[in-house]
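A note on names: the letters A, B, ... follow the listed sequences, proteins ahead of strands, and every chain is numbered from 1.
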Amino acid sequence: MKYIATLNDKTFTIEINREDRILCDGVERAVDFRLIDQQHVYSLLLDNASYEALVQEREGEYWVFVRGYLFAVRVEDERERRLREASGERHGPSGEVAIKAPMPGLIVAVLVQEGQPVRKGEKLVLLESMKMQNEIRAPRDGTVKAVRVKPGQSAEQNQVLVVLS
Amino acid sequence: MKYIATLNDKTFTIEINREDRILCDGVERAVDFRLIDQQHVYSLLLDNASYEALVQEREGEYWVFVRGYLFAVRVEDERERRLREASGERHGPSGEVAIKAPMPGLIVAVLVQEGQPVRKGEKLVLLESMKMQNEIRAPRDGTVKAVRVKPGQSAEQNQVLVVLS
Amino acid sequence: MFRKVLIANRGEIAVRIIRACRELGIRTVAVFSEVDRNALHVRHADEAYCIGPAPARESYLRIDKILEAARRAGADAIHPGYGFLAERPDFAEACEEAGIVFIGPPPRAIGAMGDKATARKMARALGVPIVPGTDGGLSDEDLMEAARRIGFPILIKASAGGGGKGMRIVRSLEEMPDALAAARREAMAAFGDDDVYLEKLVEGARHVEIQILADQHGNVIHLGERECSIQRRHQKLIEESPSPIVDEEMRQRMGEVAVRIAQAIGYVNAGTVEFLVDKDRNFYFIEMNTRLQVEHPVTEMVTGVDIVKEQIRIARGRKLRYRQEDIRQTGWAIECRITAEDPFNNFMPSTGRIVTLAEPTGPGVRVDSGVYEGCGITPYYDSLIAKVITWGETRGEAILRMRRALEEFRIIGIQTIIPFHQAILNSTRFLAGHFDTKFVEERFSMDEETPPDLEEVAAIIATLVAHRRGQAATHVARRAGREINGWKWAGRWEQLRRSG
Amino acid sequence: MFRKVLIANRGEIAVRIIRACRELGIRTVAVFSEVDRNALHVRHADEAYCIGPAPARESYLRIDKILEAARRAGADAIHPGYGFLAERPDFAEACEEAGIVFIGPPPRAIGAMGDKATARKMARALGVPIVPGTDGGLSDEDLMEAARRIGFPILIKASAGGGGKGMRIVRSLEEMPDALAAARREAMAAFGDDDVYLEKLVEGARHVEIQILADQHGNVIHLGERECSIQRRHQKLIEESPSPIVDEEMRQRMGEVAVRIAQAIGYVNAGTVEFLVDKDRNFYFIEMNTRLQVEHPVTEMVTGVDIVKEQIRIARGRKLRYRQEDIRQTGWAIECRITAEDPFNNFMPSTGRIVTLAEPTGPGVRVDSGVYEGCGITPYYDSLIAKVITWGETRGEAILRMRRALEEFRIIGIQTIIPFHQAILNSTRFLAGHFDTKFVEERFSMDEETPPDLEEVAAIIATLVAHRRGQAATHVARRAGREINGWKWAGRWEQLRRSG
């Protein structure tokens, strides 16, 4: 089975045919890969180098924490990659984006209005949680399509605060 | 629901009708009982005294480890207790007992022969495991009905070594 | 000794105090809010009483309910920990009236120092240098006026404050109204008191504090200093003892000033005198915290003194077991505060359930933790979940141990600040001891080169997981069309950009 | 410094050594048997090589495979830990021949001391008092003869021994043949060498040992003593430093003797000189362990010296960083060995999977562990899974901390010795420091009164669990008819009898 793994704009072609050997960009590597905790912790011996990784699936990617670094890796097989490329689908925050509350809290202030253009990183909402005020910022440039909360209101986790278009 | 709990030859009558109150030998006690770890660890607030217990079911009894002490508790409802008492069933190691290997290991010596009478606590088999020799002893007085292993042989966990009658 | 102590707190500090009591043979009483029924401090205590709903104002800040629990349990003393009611003179008084010993300073001393503005006045009167600023109790208008006089940048601080709550840096008059409103709001939420005062912001300053111990018999000693300049938004993140910039002579001078302040107000029990140290190593009194500090373990590890046990003994009326000459700093200790905050997403607090937890152990490593595997992290309280403290013969060894310990720390289910600590511990400025209180915000970045071979490893690991999950790729394609959760994208993209 | 170190061991000590290397910036190579693929030391190392099937003789005792792994990894040094190949001169020699530094003494010194019988001769020549006994290399017949001459009770000890393996007490001539056979069998299994020798058993004796450090430049120092008299079947269970019976004068004399022995044989690296101390506080040399000891952490905690790091520095040719006068014992440290053995069932080893694990933390507590939640405990190796070490300003504080730490320790899935330690730590003789090496076997019992209120609590907890499980009672009735697993009954009944 041939896969294409993409991270940090780099692409690795990885072929898995046997349990204990893989081809990574054509180079054979010995692998011994184990799930350690029945959940998310894996141990990999790669040509005897020992790596321990926490792997979580998020938004269709694999988040791999290894040796203190975090990587977001997209894995596809060849067919899917061709399909996606043919359809011209682009990944990234385009189209409408619903900005949600990352945790329950109190809306302290709403800093934007409907129709207002915003720049990436601009503050949208102040949310108080864990006794701290947390700034919810725009993930990209856009226009405020809707504001769904008011100051003084409580927000549930994942409640939509603002929609950008 | 009324239960009879027995441990150390003492009997407690415990009535559970509500979530947060029980009657123990007629005395009302406030209880708040939670499973902490989705497995075996419980937290009990009993009239606000905080207890943490590991509970394991073994051989039809509950083994309760609490504050460094271990208790084996038998719990029955009234009907079962009556039935058991009527049938005259006695608990304890009577009848045939199969002595099994508590862990895999090497049989170093078999110290009894078939037909031999043994006293409680008498050594039956020497089993080498974890680099130590472990003495497997008779759980009660009896007669060796069968010896199922030989010195030099490997024993699997739970393999029957000796049968007492 | 006391028979039974109630701990009017939660989290790691409640567990810390329970441990001290247990080692002294004292029974312990926990209090808990409704969301904290399964919290670690409830599990560790001998007794536990529910004192109300989740919000602190309805539970951990309710003096009446805590005293009722103490009465029901028959506790003869109360330890307030830090935060919540720890620096509220009315609480100490209420304990006294109820005939329960408050394990902390007398209400008068809390009052004298708890009001940070009054404390500044007192220090000035003692001839202790202080940073220019205002008194407390002023209106917004007066504060605006004073700010103009003192000059910017300026610091707004909560009079009842501590722990960076209700603190704001202001760089111009225009920012003042918003900053005042925010600081007062935070101060009210954290301490139930919205009074603030101003202090001139000394640029390039370090935060160094002296731990003191005072008994009821007039004996006062200090346990040396702690360096707490690694902060973010006025929240200490890494502390160490000794401080890289304090030598024996400076330590003695700072210690003497701290002892003098404590004596002047008839201070009893453990306390911390905080100083600001400028680039020329001049030190200025800023405030005194009349309670146990979060960072007390670094002092314990270099002096061998168990500060919490000593607090309890002092409250019981015992004489200090140490004279000043008995106190010696041996080696070096560093503490990293582990908070449930995502350093890859603007330090956003993270809530959820800890599904996997493995805390570091081994030589020279201490963990003071308030969590366990399976426990939930709620949004109601401070985000501090644990502290890792390492000791070494030298600062270098302590740092290397901390790196090793953080590598071993596994928390799954919530995001934590650990990667941030790892980046700090790798920065050359930190290693060299060259930093001030603005280091994190102004001169530190988490951008770093990713080792290219690790990228390949991550690609291989992700692919092996995907391969195991069989139809993983199909799954990805199906999900890609769904509505996207903005904030996660934001965090993710930022991370990709950083590591790209 | 070394670039890469291979650790020829497993379990907690391999993890301990990996941590030391990591803190020194040295890369680490683990070796593992087939059942140890997921073991903690493999997870912690930078590289890992499989060296064969589960039985130690086919893996951890295979010099050829370990050297092959070292060559493949490009390791420049090997740390042997304790046990396995740690005291095999042929292994140290093979390392030397392969151009790999052996982190331990020169083969000659291992030989001189590794053969315990020869060591006795050498000590006698140096004028150091020894316990009456025989040399090694004798036949069973000769040993029988010698035993008759020395008089009973007598101790059979493995010449290549250590850790109580291959040791037997014999009280009469009749017991000798069986005991000799058993001792030789165990010695062969543990060390691959079945030679034994005899020592007169000194009744009421304590086991006290001196830790020494020696560099390649002729400097030898000692780090004070450890008290290791709490043993069962010659296996140390609890160790402490200092010893309750050693004062400064005796410490100096013992330390000087230990240093003299080390110097006499040109010893280099860390080593331990073991003494037997009789009721009148006379001490006799018994043997020298030419390796790191299981109980080294108690010395580390009172002296602040990281013995494993010092071993590595010494092996690299560095001079000792300490002179004798730099070494000072501060406070008191105690270690409890946590083994997978069931104290309620004749200390039967326990195997299985650890399904829940929470190790104690907090002030003054160190845990050196080789296990993690979810890992398996196999029957192939030593039953030691972790060590808890506590430090206190006094012996009392260290003991109370240990009690607190053990109360916090949660291991589910296997039986452990923890309840035994708890009983020891509650016994008045232990608290008073009145014990000898026979204390556990002859004068200690786990029988104790159960607090009656705890019985009621246990009844309530069991009933609440049964109630939750709904038809629990029916379930019990159904199971009662099944075949009964004898050994479990045995343990249970014994326990019921004890607590009844």
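- Note that CE of C/Met301 and CH2 of D/Trp391 are 10.0 Å apart. Values are rounded to the nearest 0.5 Å.
- Contacts between C/Pro363 and chain D at a heavy-atom distance below 4.5 Å involve backbone atoms as well as side-chain atoms.
- Between atom OG1 of residue D/Thr390 and atom CD of residue C/Glu23 there is a gap of 8.5 Å, rounded to the nearest 0.5 Å.
- Atom CD of D/Glu408 and atom CZ of C/Arg22 lie 7.5 Å apart (nearest 0.5 Å).
- Contacts between C/Lys309 and chain D at a heavy-atom distance below 4.5 Å involve the side chain alone, from C-beta outward.
- Here C/Glu373 is the residue among C/Arg403, C/Glu373, C/Glu300 with the most heavy-atom pairs under 4.5 Å with chain D.
- For a residue to count as touching a neighbouring chain, one of its non-hydrogen atoms must lie under 4.5 Å from one of that chain's; by this rule D/Arg19 touches chain C with backbone and side chain alike.
- Within the 4.5 angstrom heavy-atom criterion, no atom of C/Glu12 approaches chain D.
- Atom CD of residue D/Glu393 and atom OH of residue C/Tyr322 lie 3.0 Å apart, to the nearest 0.5 angstrom.
- Looking at C/Val365, only its backbone comes within 4.5 Å of chain D, counting heavy atoms on both sides.
- Among D/Asp306, D/Val308, D/Thr330, the residue with the largest count of heavy-atom pairs under 4.5 Å with chain C is D/Asp306.
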